[in-house]
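Working notes, beginning with the structure itself.
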Amino acid sequence: MKLKTKNLLTLSEISSKEFSDLIKFSIKLKRDLKNNKNTPLLKNKTLTMIFQKPSTRTRVSFEIGMFQLGGYAINLSTNEMQLSRGETIEDTAKTLSRYTDCIMARVYDHELLVKLAEFSSVPVINGLSDSFHPCQILADFMTIKEKKKKLRGLKLAWIGDGNNVCNSMIYGCALSEMKMSIATPKGFEPNSQAVKESRKFTGIEITTDPIKVIKDADVVVTDTFTSIHNLDKKRTKKFLPKFQVNSKLMKHAKKDAIFLHCLPAKRGGEVTSSVIDGPQSVVWDEAENRLHTQKALLTFLIPT
Ligand code: CP
Ligand code: NVA
């Protein structure tokens, strides 16, 4: 199956059915890999990865994912590219499109991705921008599905910064009809357009009260208080101690609630070691699932 969209820059570009099919296919790919039944679905296809910002999970999972699919991935840091000497994103997109079957880019400014996608004739995937992180959310919802056996009707609590991951999580909740409750300090709320669009499909509550938000939650999620694109390194102070996910706060969630974090985590910041290393944490499955969901995404996007 192929997606209707050429690119995946935000989850607003796909339908609920496509989101659910991607997750189902990711679960199948994971099972096949564990049973040594890996199929080279993208034999001889290539992925070009562009990184303006650091990465561990995104880089490794995409590269190994392409390898497992029978294809090949190359990694470019923008300071090694002519982009760093003033070549335009338009010319870069047109050139890369003549060599590669797909481009994945991690950028500061989301608008750069929009331009890259506009001028590229091959699919472009958002590997994290200042506004969205769709690939992370595919892995997160696969993980929730594996652990809870369903998505619709669950309550997800987001505590901390209303950031790029939170914005994509909002679309994920809308696509799977999960209720989302968000607690952020004043001034750190998520993208208002994502909230507005998603409220048509599910309940999205935004408050400054972490205890209210986590009450009866099935899934608890947080992320760093200082994202790579945040210049104000003192912003963390505005979140602590109220918005830290610690054992005391987790007690207000359902007993069988799971804890997710996209990683990298700042232990003692947005989350304590007692939670991230505790029995409710599923962060390593979540990190692993980046591999399976991105393989599904690449298979659904790259023309074969
Ligand atoms: N979660 C995530 O995108 O991790 P990296 O920054 O390591 O790629
Ligand atoms: N919000 C974080 C996510 C990192 C994967 C950031 O943008 O740095």
Side-chain angles (χ1 to χ4, degrees), residues 8-11 26 47-66 73 75-78 103-113 125-144 156 158-172 182-185 187-191 194 219-236 238-239 243-245 259-267 269-271 276 281-295 297-298:
L8 189 77
L9 306 190
T10 91
L11 289 175
S26 309
L47 171 71
T48 298
M49 305 191 287
I50 302 174
F51 286 95
Q52 267 189 341
K53 307 190 278 196
S55 166
T56 298
R57 281 143 287 268
T58 305
R59 153 109 201 247
V60 177
S61 54
F62 265 108
E63 189 162 339
I64 291 181
M66 265 321 264
N75 179 47
L76 296 168
S77 132
T78 42
I103 301 170
M104 188 280 293
R106 168 167 285 198
V107 300
Y108 281 97
D109 181 359
H110 190 79
E111 284 311 306
L112 193 77
L113 266 181
I125 298 173
N126 179 359
L128 178 73
S129 68
D130 56 349
S131 306
F132 298 105
H133 198 2
C135 295
Q136 182 64 50
I137 287 349
L138 285 171
D140 289 5
F141 280 75
M142 173 182 176
T143 312
I144 300 167
L156 185 145
W158 177 279
I159 296 160
D161 191 14
N163 65 9
N164 41 13
V165 179
C166 179
N167 293 336
S168 288
M169 188 67 84
I170 291 170
Y171 283 121
I182 303 164
T184 72
F188 295 87
E189 293 84 6
N191 180 293
V219 183
V220 179
V221 196
T222 189
D223 184 17
T224 180
F225 297 145
T226 309
S227 287
I228 310 169
H229 61 271
N230 292 139
L231 299 174
D232 173 14
K233 302 295 174 201
K234 287 193 191 135
R235 71 207 302 278
T236 296
K238 297 175 184 147
F239 293 85
F243 294 89
Q244 182 184 69
V245 180
F259 172 78
L260 277 81
H261 190 309
C262 65
L263 306 174
K266 190 113 179 118
R267 289 159 183 264
E270 72 277 4
V271 63
I276 202 166
S281 172
V282 295
V283 299
W284 310 118
D285 294 311
E286 182 186 2
E288 176 188 333
N289 287 340
R290 293 291 303 276
L291 173 70
H292 311 298
T293 45
Q294 286 159 193
K295 282 169 70 180
L297 178 63
L298 289 163

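For ligands, and for the atoms within them, numbers begin at 1 and follow the listed sequence.
- The single protein non-hydrogen atom nearest to atom 7 (O) of ligand 2 is Asn164 ND2, 2.8 Å, given as residue, atom name and distance.
- Side-chain atoms of Arg106 and His133, non-hydrogen and from C-beta on, do get closer than 4.5 Å to each other.
- For atom 2 (C) of ligand 1, the closest heavy atom belonging to the protein is Arg290 NH1, 3.3 Å.
- Geometrically, ligand 1 and Cys262 share a nitrogen or oxygen pair separated by less than 3.5 Å.
- The N/O atoms of Thr226, backbone and side chain alike, include none that comes under 3.5 Å of an N/O atom in ligand 2.
- Atom numbering of ligand 1 starts at 1 in the shown order; those under 4.0 Å from a heavy atom of Thr56 are 5 (P), 7 (O), 8 (O).
- No option in Asp223, Asn230, Asp130 other than Asp223 meets the side-chain hydrogen bond (donor to acceptor under 3.5 Å, both in side chains) test with Asn163.
- Nearest non-hydrogen protein atom to atom 4 (C) of ligand 2 is Leu128 CD2, 4.1 Å.
- At the shortest separation from atom 3 (C) of ligand 2 among protein heavy atoms lies Asp223 OD2, 3.6 Å.
- Ligand 1 is never approached by Leu128 to a heavy-atom distance shorter than 4.0 Å.
- Aromatic pair Phe188/Phe243: centroids not less than 6.0 angstrom apart.
- Taking the side chain as every heavy atom from C-beta outward, Phe259 and Val283 approach each other to under 4.5 Å.
- Ligand 2 lies less than 4.0 angstrom from a heavy atom belonging to Leu263.
- A salt bridge links Asp232 and Lys238; the closest N-O separation between the charged side-chain nitrogens and carboxylate oxygens is under 4.0 Å.
- With a 4.0 Å cut-off on non-hydrogen atoms, Arg59 does not touch ligand 1 at all.
- Under the 4.0 angstrom criterion for non-hydrogen atoms, Arg106 is in contact with ligand 1.
- Shortest contact from atom 4 (O) of ligand 1 to any protein heavy atom: Arg57 NE, 2.9 Å.
- Within the 4.5 Å cutoff, the side chain of Lys53 has no heavy atoms near those of the Val107 side chain.
- The closest approach between any non-hydrogen atom of His133 and ligand 1 is below 4.0 Å.
- Contact of the Phe62 side chain with the Thr58 side chain is registered, since non-hydrogen atoms from C-beta on lie closer than 4.5 Å.
- In the vicinity of Asn163, heavy-atom distances shorter than 4.0 Å reach the ligand 2 atoms 1 (N).
- Looking at Ser131 and Asn164, their side chains never bring a donor and an acceptor atom within 3.5 Å of each other.
- Residue, atom and distance of the protein heavy atom nearest to atom 8 (O) of ligand 2 are Ile228 N, 2.8 Å.
- Between His110 and Asn126, the closest side-chain pair of non-hydrogen atoms falls below 4.5 Å.
- Residue-to-ligand polar distances keep Pro54 apart from ligand 1: every N/O pair is separated by 3.5 Å or more.
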Subject >> From CA spacing to verdict: side chain to side chain contact (heavy atoms under 4.5 Å, CB included), Ile125, Ile103 >> reply: CA-CA 6 Å; Ile125 298 173; Ile103 301 170; over 6 Å; no
